[in-house]
Amino acid sequence: MSSQSDQPKKGGSILSKLLLMAVIWCVTSIALAAIALIFLFRLHVITQIEEELSSHVVQLVALTEPDGEGSYQLRGQMADPRYNRPASSWVWQIQRDGEVLLQSESLGPPALGEAIAAPVGTVSDFQGPLGTSLTGLARQIRPRFSQERLTFVVARPSHQVRSALAQFRNIVLGVLVLFGAGQIASATWLVWTGLRPLADLRLWVARMRRGEGQPSEIAWPREIRPVADEIEELENHVDRLVHRARGEAANLAHAIKTPLSVLRQISETIEGPDAELLCRQNDRIDAALARHLASVGTSGRGKRQIDVGAVVKDLKLALEKTLELKGVTLRLDLADDTVVTCDENDLYEIVGNLMDNASKWAVTEIVVATSFSDGQVFIAVEDDGPGIKPEDVVSITKRGYRTDLQQPGHGLGLSIVNELVALYSGTLRVERSTKGGARLAVSFPVSGAKD
């Protein structure tokens, strides 16, 4: 008993798996790209701000000089006018041990100034004296003509930096989302296009099964071509095996036919219980031979489109002499373009058995009709014989069942028809004819078989 791990796993959909992998890859790569771009832009902005503020610190230091009274003064104004606008949040400040010595006009008079607590040496965000959020830089430098180190602080509004970063982030995310959607759509199209030959191969295998074509008729991609060639070779190999089996069966039938006839003749000249036993055994051999030969015939190979009307007319020529001697008329009611896809020998076997069965029971007339309706091809054979009893309708298609033991045969004809019709996804119906006899009707899908 095999374990659960030995059971075959469900394959799932290659298309779904490939698309899922493509979506995961696109989303992951776009997310990483967005993080990297935003980080690099932020780094660039911070670097630019640091360079700008550093230049402002250098300018501020160059303007600072002692005033001779123990304090300091500026020899001019900062080049950037934003430092001179009140409440502009562009500020500078000169400190000594936490005491404000000088500050920009945007902060008001130095006497009222509150020392800005800015980290020294790096660009950072901090709270300004007016409650505003600032981004600034603090450096401790000894001005010229001075013996002490002062703290120089320059800062700008933080909201401008945050606004620039947010605007860049939104643009990057929008562009990358559109790019990702395009990538996913492209991946979907590429995967679908790449797998399309597999769908075409499935359709061609179905057509091969119906006898409508071979894969060699398509210029397959290099990766699919070997598979198509193997399928075509497998089909040809099976056809060769079936052809050989049919030939061997025919040879066997010819080989047994003569000895069986001799045994039958000998049994007719013998009297007593052994003669009856020998006759029964001959009948069993004959029935078994017919049954197995019929099984070989139900192969469904060598399929192609067959004109039903041509087959019916051909069989009519074969039966006309026999029916004429019995005084039975064979009438045809054939529709145009009634074509089924099957093995020609199988169709001859099906229609031939139906017409042969009707010829055994017909009194004056047999009607063979063909029609096409709702995607089905119908072949009906009616006779004006005694008909079929209701209790025999179910059993009549079973192997060896005979409604009248006085009639010749082995009860295999309708069972063979039933098996052959089922092989092509068709049906056999046994009904009472309007002429009083039996009506045997078979139907075939137009394709000849299910896909």
Side-chain angles (χ1 to χ4, degrees), residues 2-29 181-249 295-307 339-347 349-350 375-377 419-426 444-451:
S2 61
S3 62
Q4 187 175 359
S5 60
D6 296 332
Q7 299 298 322
K9 298 180 180 179
K10 294 183 178 179
S13 170
I14 297 177
L15 178 62
S16 300
K17 292 179 180 178
L18 291 177
L19 288 180
L20 178 61
M21 293 174 62
V23 170
I24 292 175
W25 167 250
C26 288
V27 171
T28 303
S29 60
Q183 289 292 94
I184 292 174
S186 299
T188 302
W189 182 82
L190 289 174
V191 171
W192 183 83
T193 303
L195 295 180
R196 181 61 183 270
L198 294 179
D200 294 338
L201 184 62
R202 183 191 68 82
L203 294 176
W204 273 96
V205 169
R207 291 188 62 183
M208 286 175 61
R209 183 161 51 86
R210 298 195 300 264
E212 296 177 4
Q214 298 292 331
S216 57
E217 299 173 9
I218 290 184
W220 297 103
R222 184 184 305 170
E223 294 78 8
I224 302 296
R225 178 77 260 177
V227 179
D229 290 340
E230 290 297 328
I231 292 174
E232 185 175 2
E233 179 58 31
L234 177 62
E235 175 80 2
N236 295 334
H237 177 67
V238 172
D239 283 343
R240 289 193 297 268
L241 291 178
V242 171
H243 181 74
R244 179 180 177 184
R246 284 181 167 177
E248 294 293 336
S295 297
V296 173
T298 59
S299 62
R301 293 291 169 182
K303 290 181 287 186
R304 60 186 180 87
Q305 291 188 335
I306 309 296
D307 185 354
V339 176
V340 296
T341 303
C342 67
D343 184 279
E344 186 174 21
N345 293 329
D346 291 344
L347 186 59
E349 189 79 14
I350 292 169
Q376 300 275 328
V377 173
E419 292 176 5
L420 283 172
V421 171
L423 184 66
Y424 296 103
S425 304
F444 295 92
V446 170
S447 63
K450 293 180 182 179
D451 288 343

Those residues at least two apart in sequence (or on a different chain) that pass side chain to side chain donor-acceptor pair (under 3.5 Å) with Glu223 are none
All heavy atoms of Tyr424 vs all of Pro445, minimum pair found to be O-CD, 3.5 Å
Note: Ile306 and Cys342 closest approach over all heavy atoms is CG1-O, 3.7 Å
For residues 181-193, tabulate all N or O donor-acceptor pairs below 3.5 Å that involve a side-chain atom, not counting sequence neighbours.
{"from": "Ser186", "atom 1": "OG", "to": "Gly182", "atom 2": "O", "distance (Å)": "2.8"}
{"from": "Thr188", "atom 1": "OG1", "to": "Ile184", "atom 2": "O", "distance (Å)": "2.8"}
{"from": "Thr193", "atom 1": "OG1", "to": "Trp189", "atom 2": "O", "distance (Å)": "2.7"}

Within a 6.0 Å radius of atom CZ on Arg240, are there more than 12 heavy atoms belonging to other residues, nucleotides or ligands?
yes
Which is it for Asp200 and Ile224 under the side chain to side chain contact (heavy atoms under 4.5 Å, CB included) test, yes or no, and what are the steps along the way?
CA-CA 10 Å; Asp200 294 338; Ile224 302 296; over 6 Å; no
Sequence neighbours excluded, the answer for side chain to side chain donor-acceptor pair (under 3.5 Å) partners of Ser16 is Ser13
One should read off an interatomic distance between Leu347 CG and Glu344 CD, to the nearest 0.5 angstrom, of 8.0 Å
Output for pair (Arg196 CZ, Leu198 CG), nearest 0.5 Å, gives 11.0 Å
